[in-house]
Amino acid sequence: MSLKIYNSYTRQKELFEPITPGHVGMYVCGPTVSGESHLGHARPYITFDVVYRYLTHKGLKVRYVRNITDAGHFEEEGREAEDKVSKKAILEKLEPMELVQKYTNLFHWAMLEFNNVEPSIEPTATGHIVEQIEMIKKIMDAGYAYEKSGSVYFDVKKYAATHDYGKLSGRVIDDLLETTRELEGQEEKRDRADFALWKSAAPEHIMRWVSPWGEGFPGWHIECSAMATKYLGAEFDIHGGGMDLQFPHHESEIAQSTICNHHAPVKYWMHNNMITINGKKMGKSYNNVIKLTEMFSGNHPLLTQAFHPMVVRLFILQSHYRSPLDFGSEALVASEKALKRLWDAYEVLKTFSQAGNAAMDSELDTKVLKMVNEFEEFMDDDFSTAKVLANMFELSSVINSIKDGHVKKEALSAATLSLLQQQFAVYLEDIFGLKNISSGNSDTFKGVMELLIDIRKESKLKKDYITSDKIRNQLTALGIAVKDEKDGTVSWDVN
RNA sequence: GGUUCUGUGGCCGAGUGGCUAGGCAGAGCUCUGCAAAAGCUCGUACAGCAGUUCGAAUCUGCUCGGAACCUCCA
């Protein structure tokens, strides 16, 4: 295993060594299902889907846990406690759980569209209230939390005295304690930096549970700690999420779990960067979100057209997950064409039969071999999907050259060709999770197309170009491209 | 204000000391009845200034942009 992962906690690439050989525990922060997912949300789920697929490809047995946050949290700390879920439920005249169900379903639909593998376990916050209460009790027993008016707060100052609070997010504890910002409702806390583990519910709160401290609901960060501990243990391998969750969410998770389990919870922290629009992070508060439903339908002022989920997937994989990625219709269009190019070459590659044993063009053979072997090398280097794709595009040129006869198939050795075919399929489909997006794959449709192409071929032989062009032009108008190949065959595809 | 990150050709993006990814768009050529597709070739980019070095997009400093977090947030 020579996989290197950039660990946000240590700020460097580290050799990945599973805690339990052969097994990997991975936790990824899932969606808050009080609203629709947008393009920005797609990034972590696609990124970590590829991480999951790659680890599995490496022969590791991965337990992938991704939560559903279906219990409302605060709109803003210290302010009038507004349960996000219950608030919107009233506006939309829906039961809270009805709303949660609706957006959960929509989320699952989007994940399916993206061809994301389902997590091993997808626990809900509301389904783990008991575990969360138990965890809070342990933290209180350890002396790192205190109760005030039915709410429970984590004592950050005390924790920071003996632990490195702020290491993950690069925060300085003294700065946190001296925030000048004035917020209401802070008086319950002993210190500004303290965060809620349990919050007492105001009478208007619909979502509420009985606890040792009265009726209320869990704090912002405890659910992930509780569920990760339950399903992955006191220490697990990978915790993923967006960079914006580093503080306070993940920092607090570390503190809670460390006190409760007497061990730092995570070995490798992974954070994906943001998707931006005109350089600004896509987010509710910026009012610049493009929902996934809008993305797929093209129904948004910033979109020039609809974009297939696979196009979005490729778009995301063409950059490194730790770099910001700027959205633009033009960039998506480029990805759409790139996907077609890649897939066309892949289809051609699949049709190649074995050539001679020895490579006629050893230089090319070596080059191809190198590029194919780099797939793994690049992925092992902190999941450099963009570099693997770059190689695939270069290989596409080679494949097309062979198809067009510019390069003889015998240029490559049988072993190289076979490896190329195999690895292309593995990386494109199994690891990157990409799929063909052209429609018209039914047998009936193919039969009709064969008939038309046959008729056209006959008219061409008779030099009846009026008929042959009529067929091609009308098919083109229908969005079906007909291409006369070098070898006399005719290919077509639907866009 | 504090902390951290970042600035690459028309657009999106790899790239961390020498070997100038890749995709899209653009130009030319080849193939073709024409077309489409494909192949080949081309533009020769690294915010600015100064420094380190035989050599910097890549390291250091400064200047100017931009961003994230510090409050729910992927």
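Letters A, B, ... are given to chains in the order of the sequence lines, protein chains preceding strands, and every chain is numbered from 1.
- In this structure, A:Arg322 is positioned above the aromatic face of A:Tyr6, its NZ or CZ under 6.0 Å from the six-membered ring centre and within 45° of the axis.
- A donor-acceptor contact under 3.5 Å is formed by the side chain of A:Arg472 with the base of B:A35.
- Nucleotides B:C46 and B:G17 place their C1' atoms 15 Å apart, quoted to the nearest Å.
- B:G15 and B:U58 are spaced 8 Å apart, taking the C1' atom of each and rounding to whole Å.
- Between the C1' atom of B:G15 and the NZ atom of A:Lys13 lies a distance of 11 Å, rounded to the nearest Å.
- We find that CG of A:Asn473 is positioned 11 Å from P of B:A36, with the value rounded to whole Å.
- Which of B:A21, B:C73, B:A14 sits closest to the side chain of A:Glu394 comes down to B:A21.
- Taking the P atoms as reference points, B:A47 lies 26 Å from B:A25, given to the whole Å.
- RNA chain B lies under 4.0 Å from at least one heavy atom of each of the following residues of residues 399-408 of chain A: A:Asn400, A:Ser401, A:Asp404, A:His406.
- Across all strands shown, B:G1 pairs with B:C70; the Watson-Crick or G-U wobble distances both stay below 3.5 Å.
- Between A:Phe247 and A:Tyr165, the ring planes lie perpendicular to each other; the angle is over 60°, past the 30° to 60° tilted range.
- Tested against A:Leu428, the residues A:Leu434, A:Val388, A:Leu349 include a single side chain to side chain contact (heavy atoms under 4.5 Å, CB included) partner, A:Leu434.
- Here A:Gly241 lies in heavy-atom contact (under 4.0 Å) with sugar-phosphate atoms only.
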Next on the checklist: Checking A:Leu342 against A:Ser396 for the side-chain contact (heavy atoms from CB on, under 4.5 Å) test, could you report, in this order, the C-alpha distance in whole Å, the side-chain angles of both residues, the deciding distance, and whether it holds?
Outcome noted: CA-CA 7 Å; A:Leu342 205 53; A:Ser396 296; 3.8 Å; yes

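- Contacts of A:Val482 with the nucleic acid, taken as non-hydrogen atoms under 4.0 Å apart, include base atoms.
- If you measure from atom CD of A:Glu377 to atom P of B:G15, you get 13 Å, rounded to the nearest angstrom.
- Heavy-atom nearest nucleotides on RNA chain B were determined for A:Phe247 and for A:Ser468, and the one closer to the 5' end corresponds to A:Ser468.
- The nearest whole Å value for the distance from the NZ atom in A:Lys167 to the C1' atom in B:U3 is 16 Å.
- Side-chain atoms of A:Asn273 and A:Leu325, non-hydrogen and from C-beta on, never get closer than 4.5 Å to each other.
- A:Met392 comes within 4.0 angstrom of no nucleic acid atom, judged by non-hydrogen atoms across all strands.
- Among B:A68, B:G33, B:A67, the nucleotide with an atom closest to any side-chain atom of A:Lys280 is B:A67.
- Between A:Tyr346 and A:Phe424, the ring planes are parallel. Angles under 30° get that label, and only those over 60° would be called perpendicular.
- Side-chain atoms of A:Ala386 lie closest to B:A14 of the nucleotides B:G22, B:G33, B:A14.
- Of the charged side-chain nitrogens involved, none lies within less than 4.0 Å of a carboxylate oxygen, so that A:Lys157 and A:Asp194 do not count as a salt-bridged pair.
- Taking atom CZ of residue A:Phe393 and atom C1' of nucleotide B:G23, one finds them 5 Å apart after rounding to whole Å.
- The ring of A:Tyr45 does not lie on top of the base of B:A74; it is either too far (5.5 Å or more) or too tilted (30° or more).
- Looking at which nucleotide of RNA chain B each of A:Ser396 and A:Pro44 is closest to, the 5′-most match is held by A:Ser396.
- A heavy-atom distance below 4.0 Å to RNA chain B is reached by these residues of residues 329-345 of chain A, ordered by number: A:Glu330, A:Ala331, A:Ala334, A:Lys337, A:Ala338, A:Arg341.
- Across the C1' atoms, B:C24 and B:G43 are found 15 Å apart, a figure rounded to whole Å.
- Rounded to whole angstrom, the span from the OH atom of A:Tyr9 across to the P atom of B:U4 amounts to 17 Å.
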Next on the checklist: If you apply the rule ring-ring contact (aromatic ring centres under 6.0 Å, His included), what do you find for A:Trp109 with A:Phe296, and how did you get there?
Outcome noted: CA-CA 12 Å; A:Trp109 166 79; A:Phe296 302 161; 5.7 Å; yes

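- Separating the P atom of B:G7 from that of B:U60 is a span of 13 Å, rounded to the nearest Å.
- Residue contacts for A:Met274: at a heavy-atom cut-off of 4.0 Å it reaches a base atom on one of the strands shown.
- Relative to the side chain of A:Lys387, the nucleotides B:A68, B:G15, B:G33 differ in distance, and B:G15 lies closest.
- When ring centroids are compared, A:His239 and A:Tyr268 stay outside the 6.0 Å threshold.
- A close approach under 4.0 Å does not occur between any side-chain nitrogen or oxygen of A:Tyr286 and OP1 or OP2 of B:A67.
- Taking atom P in both B:C69 and B:A74, the straight-line distance is 11 Å, to the nearest Å.
- Side chain of A:His38, nearest nucleotide from B:C70, B:A74, B:G33: B:A74.
- Across the strands present, B:C40 finds its partner in B:G28; the criterion is a Watson-Crick or G-U wobble pair with both atom distances under 3.5 angstrom.
- The shortest side-chain heavy-atom distance between A:Cys29 and A:Cys224 falls under the 4.5 Å cut-off.
- Residue contacts shown for A:Gly328 are absent, as no nucleic acid heavy atom lies under 4.0 Å away.
- Which of B:G33, B:A68, B:A21 sits closest to the side chain of A:Ala390 comes down to B:A21.
- When distances run from any side-chain atom of A:His41 to the nucleotides B:G15, B:G22, B:C73, the shortest one goes to B:C73.
- A:Leu317 has its CG atom 19 Å from the P atom of B:G22, to the nearest Å.
- For a distance-only test at 3.5 Å, the side chain of A:Asn391 fails to qualify as a donor-acceptor partner of the base of B:G22.
- With both ends at atom P, the span from B:A37 to B:G23 equals 16 Å, rounded to whole Å.
- Counting non-hydrogen atoms under 4.0 angstrom, A:Asp326 reaches the backbone sugars and phosphates but no base.
- Rounded to a whole angstrom, the distance from the C1' atom of B:A50 to that of B:A56 is 14 Å.
- OP1 or OP2 of B:G39 has at least one side-chain nitrogen or oxygen of A:Ser397 nearer than 4.0 Å.
- Taking the centre and axis of the six-membered ring of A:Tyr45, the NZ or CZ atom of A:Arg66 falls inside the cone set by 45° and 6.0 Å.
- Proximity of the aromatic rings of A:His250 and A:His271 is defined here by a centroid distance below 6.0 angstrom, and this criterion is met.
- In a base pair of the Watson-Crick type (N1 to N3 plus N6-O4 or O6-N4) or a G-U wobble (N1-O2 and O6-N3), with each distance short of 3.5 Å, B:C49 is matched with B:G61.
- Within 4.0 Å of A:Ser319, counting heavy atoms only, lie sugar-phosphate atoms of the nucleic acid but no base atom.
- Between A:Phe236 and A:Tyr27, the ring planes lie tilted relative to each other; the angle falls in the 30° to 60° range.
- Residue A:Tyr321 is out of contact with every strand shown, counting any heavy-atom pair closer than 4.0 Å.
- Between A:Arg341 and A:Asp344 there is no salt bridge, since no side-chain nitrogen of the basic residue lies less than 4.0 Å from a carboxylate oxygen of the acidic one.
- A straight line from CG of A:Asn272 to P of B:A74 spans 11 Å, rounded to a whole angstrom.
- Using a 4.0 Å heavy-atom cutoff across all strands shown, A:Ser37 reaches no nucleic acid atom at all.
- For the OP1/OP2 pair of B:A14 and a distance below 4.0 Å, the side-chain nitrogens and oxygens of A:Ser323 include at least one atom meeting the criterion.
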